[in-house]
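Basis for what follows: all heavy atoms, side chains included, without hydrogens, waters or symmetry-related copies. In what follows, chains carry the letters A, B, and so on, assigned in the order in which the sequence lines appear, proteins first and then strands, with residues in each chain numbered from 1. Keep in mind it's a predicted model, so treat the numbers as computed, not measured.
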Amino acid sequence: MNGFQILLLVIAVDGCVLGAALLAVYQLNRGVSRGGR
Amino acid sequence: MHVIPQSWSHLHILVSVFPPLGLVFVLGFWIAGFRTNNDGIRRTCLVLLGMLGLLVVPIYFSGNGSMAVLSTNRQIPKELLNITKEAMSTHYGWAIAALLVLAMTGAAAWVELGRSYRAGRASGDPYHVVAVLATVALGLTAVASELGFQISHRELQSTTVIPDVSTSQLWSHVHIILNHVPTAGFVFALAYFLLALVLNNDGMKRGSLILFVICSIVGVPTYVTGTAAMWALTQPPIPEISKAVINAHRDMALWTLFGLAFTGAASWIELWRYRHLARFSKLSLGLVLLFAVVTLGIMTETGHRGGLINHPEIRTAADIRPTNPDAGISAAIEPLMKNMVWFISWQTVHFFGYCLIFGSALAVGLRVLGFWKSVSFAAVHRLLLLGFVGVVMNVFSGMLMMLGDSYRYVVNDYTFAPKVALIPIGAIAVLYFSVSDRLWSVKAGEDAPAGAKWVAAVVLLAWAGVIVCGRLLAYL
């Protein structure tokens, strides 16, 4: 693998993990905002 | 099937792990019951203490049976047999004292339970008798357990060291003690949770969710110390200990870590949601229950495989002794993670995780310490969710990175041990932010209670320490 391919892989792995994490945060926050006290 | 013992030793090992951990958890719950004035919690504690008292019978008889078998074991060399008998004698003395006090604790708990039912409410004063007895029983059972370890775990006294290859047997010792928190502790957490669901007691639900989170957090150092113990037990090799048996245990421990992560994550999210919504979601609680039951099943198998490493006497007819030290998922992940391409990908995830954890802990911690008083605590509490996803990311990425180069981390890096010790301290301290009622009521313009400020300081120092120790890993 050359440097550019490694960079793409890092972006892919981190993008997936961070994307899933932020989606979870968004959904949970939305749930709390709708029924919050 | 492994929970059905087929020998006295097996029964003794299984039942004797519950009193020390059970007493810690029940006493913790008891304090919570008094502080929140929750009768349900206090009565449940009395029932559990009464049941712990009943365990005296199987512990005593299985212990006597184990002693008789071990004393006449002709496979043990005579010199070793004498040392074993001496160790058993010391253990026996402390164990009898521990069992006596435990039986008294159980009896007092049943009496108190009867009195509280007759009175129609849980009374306050007489409980102190039970609490004092339980505390003494806790101390004595802890000593008796430690002396019990010394009977079969002779490897703990090994001082044979190969420079730059061996690691201390202290890791094995810590692992033997620590592994009972997420295992035996989990049984108590599940028992509390089931009772909480049956009684529909919100205080008990919150308490058992907290226990699930604590068990999950302690799962991290348990897994790490287990990996270190693997190096301690195999470098240099100990004749009676098989790397293949260790590896089979390690594989199941990996699945346990996943199970604990799912249970702990679902529990923490529900605690966080409850703080904002003031009610539990039946769906979420059902999910926690599902994860907990599955995790307990996996953990039982893990515990049994761990026991087989140094207790051949608990081997059942269904057990197939592993022979290949390179079989299994852990051994398959290791070479993959040794590849720089995968290592840096997950290391980058790990750094993102740190940013989320420290960033959110810093914001919430500083508000508690007195910054941004124009914002209510409830508003900044929402940010904790970011830190939570950071913890989940780092548990998975950290576990993968450690699998790739466990020798370096647990044998060669001096700052790994303090880093792993600071993680549970920081994570458990953060829990306070989601469970404290006093802190939750801090409105915009108000100052947080002094106790909360101390907790915030611990949170910030612990996570700063984790980052510093983690960064120094490559250099010290």
Shortest non-hydrogen contact from [X] toward [Y]:
X: B:G353; Y: B:N394; value: CA-OD1, 3.2 Å
X: B:L460; Y: B:F358; value: O-CE1, 3.9 Å
X: B:R367; Y: B:G445; value: NH2-N, 4.4 Å

So which part of [X] gets closer than 4.5 Å to some heavy atom of chain B, the side chain, the backbone, both or neither?
X: A:I11; answer: neither
X: A:L9; answer: both
X: A:L18; answer: side chain

ask   = In terms of the angle between their ring planes, are B:F377 and B:H381 parallel, tilted or perpendicular, with boundaries placed at 30° and 60°?
value =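 Rings of B:F377 and B:H381: tilted, 30 to 60°.
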